[in-house]
Amino acid sequence: MPLRFFNTYSRQLEDFEPRDTGRKIAIYTCGPTVYSRAHIGNFRAYIFEDLLQRHLELRGYKVRRVMNITDVDDKTIRGAREAGIPLTESTAQFKEAFFEDIETLRIKRADEFPAATDQRYIDKMIEMIATLISRGLAYQAEDKSVYFRINKFPNYGKLAHFDLTQLQSTGRVKHDEYDKEHIGDFALWKAWDEEDGDVGWESPWGRGRPGWHIECSAMATALLGDQIDIHCGGIDNIFPHHEAEIAQTEGVTGKKFVRYWLHCAHLLVDGQKMSKSLGNFYTLPNLLEKGYTGREIRYALMRVHYRAPLNFTWEGMNEARESLARIDEWLTRLRETAAKRTGKEKNKTQPGQQFEQALDDDLNISAALGFLFESIRETNRAMDENELDAATATEWLNWWERVNSVLALEPVQESVSVIISTSGVEGKAAVGSGRVIIEEAIPPDVARLAEARAQARLAKDWRKSDELRDELSARGWEARDTKDGQKVTRRAGG
RNA sequence: GGCGGCGUAGCCAAGUGGUAAGGUCGCGGUCUGCAAAACCGCUAUUCGCGGGUUCGAUUCCCGCCCCCGCCUCCA
């Protein structure tokens, strides 16, 4: 089955056929506007894009991805002015925060993160605007700003499926644009005004700054060429942003700009869109402070199909935590089983292809995870019954490597287990997160507690045994009593 | 008003013209001194509502309702 994606342009599932038969594909993803810390709703979109890239790579595509950073617009200028610092200083701190956050969430870095204020792209934007004006697709109005003339671009409205005569103002935008020929004409170049302070660039139309939409057209074509395979963003970017990008870019190049438009649904809070303006948002540090890890947040934001709205709840966060614990436990067991050489071949289970096949189908993550958890139950059952040999366990671990190359949910910290009996440390089964078995000594205080507990258990002093288990737990180590003795495990984290 | 999306167990959620994956939570059991983990069992005669097509619809068609988003700040 070929890969297929839901293309916003056609509103249909389409087989994925990239331009380059050599499997190189170009993806452009709309990045953050760095006027404040991004919230986790923003990151839902970036995690979706990360899943997309990772799955394409698993399927053998060579992905070149660009994510822009919008570092000049009304909000960034206002933010800097209110903070009393230069624009570049203000945006720099939020850029830094953004990179921290994507690392915490294990989002692969794009190949390029072009910034709108880079002179190279300002020049490109000016060049594009000049071309649009020369073709009658843009004009400079009385207010000195340059606007795109949407009536001259017949396809305008096609992506959003809007009938331009029906466009209705929601009153959210200041009506200061009386000079436009059509209410739908959008700014390509915004003339400087006092509120802009020292922010501005010289252009053939006077001092000003780029409109929001043109930056993406310029950066996308500068870095990826006139035609790209996939363009992603949040569903709220469809109109006007992506609609405008098509008009500007195709207005200049005369070629079809994007083959597949993929848009991610919103993250909701209490059934409403998470947004800065509503104030119902959480940032990554907000959740980290509550004790959730990056991978737990990643899982929580990733587990629902990207085109379905996802309601953010604390219950959902805990569900993510428990689900990951199940995966961690399974990995630990598999690694222990893989380390044992029994010589007997008793495979009952074999990894299947359903995981990646589910993702082939418009990134059906729920079906993919469903198969993962089914596999976990089946292999656990086989291990319970001692019917899964080391070779099979290794096969499953190799399968997990593939799965994890897409999910990126491996626990960061190795889980270390030590069997302790009355005679001290008996067997050492240290299990690392990679393929390599790591020998790691347990901390002296943990060893002391565990040994004391073993003694208490020998004396059937259950109360003391339970107290010591609590103490170990407080240090992040879990004591479990198995038929081989007490097993002490450092909880996996990450 | 226009456009788009959603509605499946307490919660999250997959799915198919032939009788409901998976996760989480809860309950019961195996194991355990007790736990934990794992496994087993139970938990939607039913898929927003009303019609229609069909031998049969959650799945297709028509109508309606709810909620959410976009309609020039937004992932």
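Below, chain A is the first sequence line, B the second, and so on; all start at residue 1. Since the model is a prediction, treat every value here as computed from it, not as a measurement.
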Give a yes/no answer on whether the side chain of [X] brings an N or O atom under 4.0 Å of OP1 or OP2 in [N].
| X | N | value |
| --- | --- | --- |
| A:N364 | B:A21 | no |
| A:R326 | B:C39 | yes |
| A:K487 | B:A36 | no |
| A:R469 | B:A36 | no |

Nucleotide [N], atom [atom2] - distance to [atom1] of [X] in whole Å:
| X | N | atom1 | atom2 | value |
| --- | --- | --- | --- | --- |
| A:K464 | B:A35 | NZ | P | 23 Å |
| A:L372 | B:G22 | CG | C1' | 10 Å |
| A:M383 | B:C31 | CE | C1' | 17 Å |
| A:L159 | B:U72 | CG | P | 16 Å |
| A:D236 | B:G69 | CG | P | 11 Å |
| A:E296 | B:G23 | CD | P | 18 Å |
| A:W261 | B:C3 | CH2 | P | 22 Å |
| A:E387 | B:A38 | CD | C1' | 15 Å |

Between [options], spot the one nearest the side chain of [X], thanks.
| X | options | result |
| --- | --- | --- |
| A:R333 | B:A21, B:U24, B:A38 | B:A38 |
| A:L268 | B:C34, B:G2, B:C68 | B:C68 |
| A:R381 | B:C40, B:C34, B:G2 | B:C40 |
| A:D466 | B:U72, B:G22, B:G33 | B:G33 |
| A:R480 | B:U72, B:G33, B:A36 | B:A36 |
| A:R377 | B:U72, B:C39, B:C3 | B:C39 |
| A:H266 | B:G69, B:C71, B:C12 | B:G69 |
| A:H161 | B:G10, B:C34, B:C3 | B:C3 |
| A:S277 | B:A21, B:U72, B:C73 | B:C73 |
| A:I150 | B:G22, B:C12, B:U72 | B:U72 |

Quiz item: Under 30°, 30 to 60°, or over 60°: which ring-plane class applies to A:F98 and A:F43, parallel, tilted or perpendicular?
Solution: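 A:F98 vs A:F43 ring planes: parallel.
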
Scan [X] against the nucleic acid and name what it touches under 4.0 Å (heavy atoms): base, sugar-phosphate only, or nothing.
| X | value |
| --- | --- |
| A:S366 | base |
| A:L267 | base |
| A:S465 | base |
| A:H39 | base |
| A:F371 | nothing |
| A:E49 | nothing |
| A:N380 | sugar-phosphate |

Checking only heavy atoms, does the side chain of [X] share a donor-acceptor pair with the base of [N] at less than 3.5 Å?
| X | N | answer |
| --- | --- | --- |
| A:R457 | B:G33 | yes |
| A:E315 | B:G10 | yes |
| A:E374 | B:G22 | no |
| A:N318 | B:C25 | no |

Quiz prompt | Lys/Arg N to Asp/Glu carboxylate O, A:R37 vs A:E100, below 4.0 Å | solution = yes

Quiz item: Would you call A:E194 and A:R81 a salt bridge, using N to O less than 4.0 angstrom?
Solution: no

Quiz item: Within the stacking criterion (centroid distance below 5.5 Å, interplanar angle below 30°), does A:W462 stack on B:G33?
Solution: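 Stacking between A:W462 and B:G33: present.
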
Quiz item: Between A:G316 and A:E478, which is nearer to the 5' end of RNA chain B once each is assigned its nearest nucleotide?
Solution: A:G316

Quiz item: Between A:G41 and A:Y299, which is nearer to the 5' end of RNA chain B once each is assigned its nearest nucleotide?
Solution: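 That would be A:Y299.
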
Practice problem: Could you tell me the separation between the CG atom of A:L87 and the CG atom of A:D71, rounded to the nearest 0.5 Å? | Solution: 6.5 Å

Quiz item: Is the distance between the ring centroids of A:F99 and A:F113 less than 6.0 Å?
Solution: yes

Self-check item: Donor-acceptor pair, side chain of A:N155 and main chain of A:K158, under 3.5 angstrom
Solution: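 Side chain of A:N155 to backbone of A:K158: no pair is present.
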
Quiz prompt | Side-chain donor/acceptor of A:R44 to backbone N/O of A:H266, under 3.5 Å | solution =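 Confirmed, A:R44 side chain pairs with A:H266 backbone.
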
Quiz item: Side chains of A:N68 and A:T70: do they bring a donor and an acceptor to under 3.5 Å?
Solution: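 Per modelled atom types, A:N68 and A:T70 side chains form a pair under 3.5 Å.
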
